[in-house]
Amino acid sequence: MPDRFDLPADFRWGAATAAYQIEGAVEEDGRGPSVWDVFAARPGAVRDGHTGAVACDHYHRYPEDIALMRGLGLDGYRFSVSWPRVLPTGAGAVNGAGLAFYDRLVDALLDAGITPLPTLFHWDLPQALEDEGGWLNRDTAYRFAEYATVMADRLGDRVPAWITLNEPFVHTVYGYALGTHAPGRTLMFEALPAAHHQLLAHGLAASVLHDRGLLAMLSNNLTPVEPASPSAEDTAAAEAYDALHNRLFTDPVLLGRYPDLSALGVPDDIFGAVHPGDIDLIHTPGLDGLGLNFYNPTRVAAPTGPGLPFDLVDIPDVPHTAFGWPVVPEALHRLLLNLRDLYGKALPPITITENGCSVTEDTVPDRPRIDFMAAHLDALARAVADGVDIRGYYTWSLLDNFEWAEGLFSQRFGLVHVDFATQRRTPKASYAWYRDLIAAHRARSLPH
Ligand code: IFM
């Protein structure tokens, strides 16, 4: 696998994390409870009863973590802001001590020469808003716009670009349809108003950011969907799944319309959630960059029984990550070209805002992670050569962290190993590989 890639001189290298997965300090300095605090406390909700109460203790150890980022030579660091740390009940009075943490973090990043790229919502909704219906309640979108205003007014002088939401597909499906993530609702397709309200929140927040001269991005988890066979039934099932996973979250933002969801039994107004004018609020602000979180392609077959209009099937004969996700780097190349062809001029520049893998028996010599990253960067570089405008790559993740329902130990995604008992950080082989890759790219890009 190559360890140098033909990428533009100004290509940006980064790493990503999320607040609840690393910060800990859930009861400190006035932070309010989030849906993840409440969900993780439910017996059986998270593997081994783990929670994010301490996680990587990044709230206290962020200087050490920024030193690790500096050691990598990162251009950018993607983190998320904990909404309940800033607004403990989701709205109303701002918690100055919570907001001050992000001031310190941003200033320390800038001192280290690293551009902060914050995500406003990475799944840790204030529990007080969940008590009012969470993302099923349209008001949550308006509370999000107020929260975006607080953040932009405080950090906008130092932070030029913002990601509004992380992976609204995953949050909607796992959190509201299947109940395997917080807030643990099991509404199946009736969860989809939560998707619409997140997209509305994105549109409202994008306007807030634009009004202040800031850039707005949205990070989606996208997957190229392939039918299990060329049959009409498998093809129709694949189209239905593609509409749900991908197009539901990109078409309204980029094209100003929802895809046809009738194969899922979902009406055009998404069970009454879509009000007149909503699509304009989502579409008109425009998107300054599409954040793409890529992990794997998805193979889909026609359903074998009643229930869902598709079956998700495995992709055999390829390696799989510790999570059981198929490793198909070429699928990233295909996805990037599909996006170019589907959205044309409506497609803004793309940044890979997550890509990485969990490794079975993860240890410091983590060769499979290096192979995974190298193969995906090779696919990305080929898409750049094919004319796709890709501005940067943020690996998931800087640190081993709290992997949601999988807890702390079973799915380690970090370039840096974290011993959760001692909080000792140990860079893995992938850390050294990524550091050398970034340095070599930078050296080649310098004017000679
Ligand atoms: O850890 C998650 C992250 O929070 C969102 N994207 C996928 C990662 C790996 O599961």
Side-chain angles (χ1 to χ4, degrees), residues 14-24 34-37 39-40 45-47 50-52 55-56 58 77-83 117-125 163-176 178 180-183 195 198 217-223 245-246 249 290-298 312 320-327 331-332 335 350-360 362 366 368-369 372-373 376 393-418 420 430:
T17 64
Y20 191 73
Q21 295 182 269
I22 64 164
E23 282 182 3
S34 79
V35 291
W36 266 97
D37 299 294
F39 181 77
V46 174
R47 184 189 286 260
H50 291 162
T51 74
C56 307
H58 172 78
Y77 171 53
R78 174 180 178 229
F79 61 96
S80 80
V81 177
S82 161
W83 185 348
L117 178 59
T119 304
L120 287 167
F121 181 68
H122 197 127
W123 308 347
D124 48 352
L125 190 76
I163 296 169
T164 54
L165 309 174
N166 181 69
E167 298 181 356
F169 166 79
V170 177
H171 189 53
T172 303
V173 169
Y174 288 17
Y176 287 86
L178 303 175
T180 51
H181 279 189
Q198 286 175 79
M217 298 170 63
L218 169 64
S219 283
N220 281 332
N221 176 309
L222 300 179
T223 183
H245 191 127
N246 298 314
F249 298 92
L290 178 64
L292 171 53
N293 295 359
F294 179 76
Y295 289 92
N296 56 270
T298 305
L312 305 187
H320 287 68
T321 71
F323 240 130
W325 299 344
V327 179
L332 173 59
L335 173 63
I350 293 174
T351 295
I352 306 297
T353 43
E354 286 183 25
N355 177 245
C357 66
S358 57
V359 174
T360 315
D362 203 4
D366 57 341
R369 178 168 292 106
F372 183 100
M373 290 172 69
H376 285 80
Y393 176 89
Y394 288 67
T395 190
W396 185 270
S397 181
L398 177 70
L399 305 168
D400 290 342
N401 57 50
F402 175 78
E403 178 52 36
W404 308 114
E406 295 299 319
L408 288 166
F409 303 139
S410 69
Q411 304 295 335
R412 290 178 176 268
F413 277 87
L415 301 191
V416 176
H417 180 271
V418 177
F420 293 105
S430 56

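Computed from a predicted model, the values in this text were never measured in an experiment. Counting starts at 1 for both ligands and their atoms, in listed order.
- Just one of T353, L415, I352 meets the side-chain contact (heavy atoms from CB on, under 4.5 Å) condition when paired with T395; it is L415.
- The environment of F169 atom CZ is dense: over 12 non-hydrogen atoms of other residues, nucleotides or ligands sit within 6.0 angstrom.
- By the 4.0 Å N-to-carboxylate-O rule, R78 lies close enough to E354 to be salt-bridged with it.
- With sequence neighbours excluded, the residues that form a salt bridge (Lys or Arg N to Asp or Glu O under 4.0 Å) with E406 are R47.
- Closer than 4.0 angstrom to ligand 1 lie heavy atoms from Q21, H122, W123, N166, E167, Y295, W325, E354, W396, E403, W404, F413.
- Of the residues T172, T119, N293, the one that meets the side chain to side chain donor-acceptor pair (under 3.5 Å) test with E167 is N293.
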Problem set entry | From CA spacing to verdict: side chain to side chain donor-acceptor pair (under 3.5 Å), T298, T223 | CA-CA 6 Å; T298 305; T223 183; 2.8 Å; yes
